[in-house]
Enquirer: 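There's a structure below that I have some questions on.
Not measured: the values here are computed from a predicted model. Read the numbers this way: they start at 1 and go in the same order the structure lists the ligands and their atoms.
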Amino acid sequence: RRRAAADRRGRVVRRLALAGLLLTLTACAPGGCQQTGAPETGDPGPVEEPLAGDPDPAAPAGPETPPAPEPVSWPHEPGGGLYPGSGSGATDATLWAAGMRFPIEAAPAYANSQVYGYGGYLAPGPGGQCDARNYAYPWRDNFCETRSWTNGMCPAGRGHQGQDIRPATCEKKVHSAVAAENGRITSIGSYTVTLLGDSGRIYRYLHLDMAGVRALFPTSASRDVTRGQHLGKVSADFGGNATTIHLHFEIKAPVAAGGGAATVMFVPTYSSLVDSYGRLLNSAS
Ligand SMILES: [Zn+2]
């Protein structure tokens, strides 16, 4: 019986040895043998997850940081969306004067039409220029509004060359127009102030109180201006003719056409006014 038991142990040992050899053989490839079954090193063990709601010991105590304020917006029609029946707007949506200062010192201001608004020649109904509906949003583009003036940016090849903007209230000589950028006043006409910006763009401000403008800039030596500097008060000067109380604001910029030399021409103003007014409303003029 002892011998039979020894034989059984011997068979078991041989079987285990054979199994080990086979394991070793299957783990060997022509490039060498891989060690199999070795324990992985660096096992981190069970990770303790923080419980939801646990206070973060690094977080400062006290009131929560207030969220950033929502950007202030105001109702405005899209660029090129002229008053119905007043012509076809420009299709160009380029931001021609990125970063410029809104040309009136303070909000609110109302971009809309002097001709097709209340009190205009082609008003939608009875009412004077001081009608509350003229001093209300939404804004409306009026670059390219029907006019006989040449305007290469308008579908008709002619049209209104700038944007009309009413100041906060229907009063002359109260609301200041300001420089859109650093530059120089190159001309003070009978109802037009021309600013040549350091960017090379030209800005024209029409219908200011011109006597006040001349008082601010009595000599050519005084005509270098900085962005935001007062240029004069919004009024209704029109070289002896009547107009409404508003700022007519224009931008002229070099426009390259067909690979040829750039031509300085009137460019759509509305997108730059929307951009700058948004910054003004958000106290970041
Ligand atoms: Zn105008």
Side-chain angles (χ1 to χ4, degrees), residues 76-77 79-90 92 96-97 100 102-104 109-124 128-131 133-136 138-168 170-173 175-178 180 187-195 201-210 213 231-253 265-274 276-277:
H76 55 277
E77 299 291 336
L82 271 50
Y83 194 85
S86 69
S88 296
D92 175 279
W96 286 101
M100 78 168 191
F102 186 69
I104 294 178
Y110 305 99
N112 55 34
S113 174
Q114 305 303 303
V115 169
Y116 292 83
Y118 292 95
Y121 297 122
L122 297 166
Q129 66 157 317
C130 295
D131 193 292
R133 290 168 289 187
N134 286 341
Y135 289 83
W139 274 24
R140 193 180 278 281
D141 192 352
N142 84 324
F143 184 83
C144 291
E145 191 174 82
T146 302
R147 298 289 194 283
S148 58
W149 307 326
T150 298
N151 190 331
M153 288 299 227
C154 299
R158 41 189 81 241
H160 192 231
Q161 295 164 325
Q163 174 69 42
D164 294 333
I165 312 167
R166 298 179 205 263
C170 191
E171 295 170 281
K172 295 179 182 176
K173 304 194 223 179
H175 308 286
S176 286
V178 296
S187 163
I188 298 175
S190 61
Y191 59 93
T192 302
V193 175
T194 304
L195 165 62
R201 288 186 292 269
I202 295 164
Y203 304 91
R204 299 210 307 172
Y205 299 71
L206 277 63
H207 315 307
L208 300 181
D209 166 42
M210 299 306 291
V213 172
L231 302 183
K233 303 285 192 183
V234 177
S235 194
D237 287 22
F238 199 10
N241 294 314
T243 186
T244 47
I245 299 166
H246 73 284
L247 171 66
H248 168 108
F249 180 72
E250 298 170 349
I251 303 171
K252 294 174 90 170
M265 58 194 292
F266 295 107
V267 293
T269 44
Y270 194 76
S271 57
S272 301
L273 290 166
V274 167
S276 57
Y277 192 68

Enquirer: Quick one: list whatever passes side-chain hydrogen bond (donor to acceptor under 3.5 Å, both in side chains) with His207, sequence neighbours left out.
Expert: none
Enquirer: Only pairs at least two apart or in different chains count here, so list each side-chain hydrogen bond (donor to acceptor under 3.5 Å, both in side chains) that has a residue in residues 232-243.
Expert: Ser176-Lys233
Enquirer: Partners of Tyr277 by ring pair (Phe, Tyr, Trp, His ring centres under 6.0 Å), sequence neighbours excluded?
Expert: Trp74, Phe102, Trp139
Enquirer: Quick one: do Arg204 and Val193 satisfy side chain to side chain contact (heavy atoms under 4.5 Å, CB included)? Show the steps, please.
Expert: CA-CA 6 Å; Arg204 299 210 307 172; Val193 175; over 6 Å; no
Enquirer: Below the 2.8 Å mark, what number of protein N, O or S atoms do you get around the Zn ion (ligand 1)?
Expert: 3
Enquirer: Using the six-membered ring of Tyr110, assess whether NZ or CZ of Arg166 lies under 6.0 Å from its centre and within 45 degrees of the ring axis.
Expert: no
Enquirer: Does the Ser86 side chain pair with the main chain of Tyr83, one donor and one acceptor, at a distance under 3.5 Å?
Expert: yes
